[in-house]
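This report refers to the structure that appears directly beneath it.
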Protein chains: 2
Amino acid sequence: MTPSPAGRGRPRDERSHAAITQAAAELIVESGYAAMSIGAVAARAGVGKDTIYRRWSGKPELVYEAVFTAADTTDLPDTGTLEGDLTTVVQSLIEEFSQPEAAAAIPGLLADFAADPELRATIRSRFLQPAKERLIEVFDRAGQRGETGAEVPVDLVLDTLAGAVFFHLGIIGEQPGPDLARRLAAMIAKGIEVR
Amino acid sequence: MTPSPAGRGRPRDERSHAAITQAAAELIVESGYAAMSIGAVAARAGVGKDTIYRRWSGKPELVYEAVFTAADTTDLPDTGTLEGDLTTVVQSLIEEFSQPEAAAAIPGLLADFAADPELRATIRSRFLQPAKERLIEVFDRAGQRGETGAEVPVDLVLDTLAGAVFFHLGIIGEQPGPDLARRLAAMIAKGIEVR
């Protein structure tokens with residue numbers, strides 16, 4: 001970010017960042033992914049288009065952040081067991097994919113990512129990082145409890161949990177049953193436990 | 001299908017069915033999903049457009065069948081263990097999603113399915129049925145060996161395996177490592193075994 005005079009820089013940057021992602025989320029639901037434009041987002045957020053392009057390379061990157069990473073700053077509780085902790089991770093994934101913005105964004109977002117190898121390459125290195133870090137914390141606690149061994153396949157578990165939720169909600173489009181998170185977490189926890 | 005005079009009906013229908021799905025698969029790779037038209041498929045297959053519309057409601061349904069169900073008639077071997085059988089199921093999903101036609105078709109197909117609730121509703125009831133039947137056979141054998149109990153969560157396992165493969169190949173777009181099928185199958189097998 002460009003440096004700003006003392007006392008005026010960071011809060012304004014954070015406010016406009018939040019205004020931009022909020023505007024993007026609203027417009028995805030109102031107009032759909034294809035029709036949504038950076039110009040409309042800028043107008044809604046009360047910023048110039050250049051302000052948006054300084055932070056995001058374009059629509060796919062902005063939409064992904066607006067829709068799929070809003071929940072990442074929430075700390076997930078320590079439930080005391082691997083199965084319990086994985087259940088809260090899956091439940092938060094379900095909530096994320098259940099938002100109307102997610103349903104509106106997914107097909108167009110996938111198409112744009114598939115068409116752009118550079119952007120696609122950032123999915124694991126950047127976009128999935130917060131979820132991966134939450135899983136690493138979960139596995140550290142599980143290791144301390146003796147539930148898991150030293151080598152937990154974090155990427156495999158991440159792909160599997162995210163993939164299962166995405167497939168169920170984003171592709172088949174079914175409403176998740178009340179215990180989907182627990183059932184999926186129980187199966188994966190049992191699949192990786194050592195005791 | 002419309003009845004035909006004895007000796008001329010069924011073989012011709014099967015040949016034109018195969019010619020149509022083959023043409024669709026070729027054209028997806030050559031022109032991409034969006035640009036591919038029913039007219040072009042009909043011309044390539046040497047049939048009239050009405051022949052296509054008698055069997056498929058439109059492009060999404062035809063493309064899905066042409067790309068994702070070609071492998072379904074293959075019997076998967078009995079490897080002797082649940083983990084081995086699940087590995088072959090996952091490996092066949094990986095091969096299916098790795099085809100160039102799959103990469104070309106996925107984003108546009110998802111968009112068209114998401115926009116059509118009736119079509120989307122058929123995903124589980126029709127399109128996933130062959131994979132589900134293969135899994136049911138695998139679980140029947142596992143039950144006879146005593147590896148699993150009476151209540152195996154077939155839909156949960158199906159969503160999880162298909163979702164994990166789809167997420168890894170279709171979204172992140174990574175080449176699968178040489179043992180992805182085995183690692184994923186081992187985790188899921190352990191997650192559902194009772195012994």
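Keep in mind that what you see is a predicted model, and the values were worked out from it rather than measured. Residue numbering restarts at 1 for every chain, and letters A, B, ... go by the order of the sequence lines. Quick note: numbers below take in every heavy atom, side chains included, and nothing from hydrogens, waters or symmetry partners.
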Quick one: which residue pairs count as a ring pair (Phe, Tyr, Trp, His ring centres under 6.0 Å) with a foot in residues 142-166 of chain B, not counting sequence neighbours?
B:Phe97-B:Phe166
Considering only heavy atoms from C-beta outward, does the side chain of B:Ile188 approach that of A:Ile188 to under 4.5 Å?
yes
Heavy-atom nearest pair, A:Lys190 first then B:Gly191, reads CD-O, 3.6 Å
A:Phe167 and A:Ile94: same hydrophobic cluster, using ILVMFWY side-chain contacts below 4.5 Å?
yes
Are A:Tyr64 and A:Val29 joined in one hydrophobic group, where the rule is that I, L, V, M, F, W and Y side chains link up if heavy atoms are under 4.5 Å apart?
no
Applying a strict 4.5 Å limit to non-hydrogen atoms, the region of B:Leu169 in contact with chain A is backbone
A:His168 and side chain to side chain contact (heavy atoms under 4.5 Å, CB included): which partner among B:Asp155, B:Leu156, B:Asp159?
B:Asp159
List for me each residue that meets side chain to side chain contact (heavy atoms under 4.5 Å, CB included) alongside A:Ala34, sequence neighbours excluded, and say none if there are none.
none
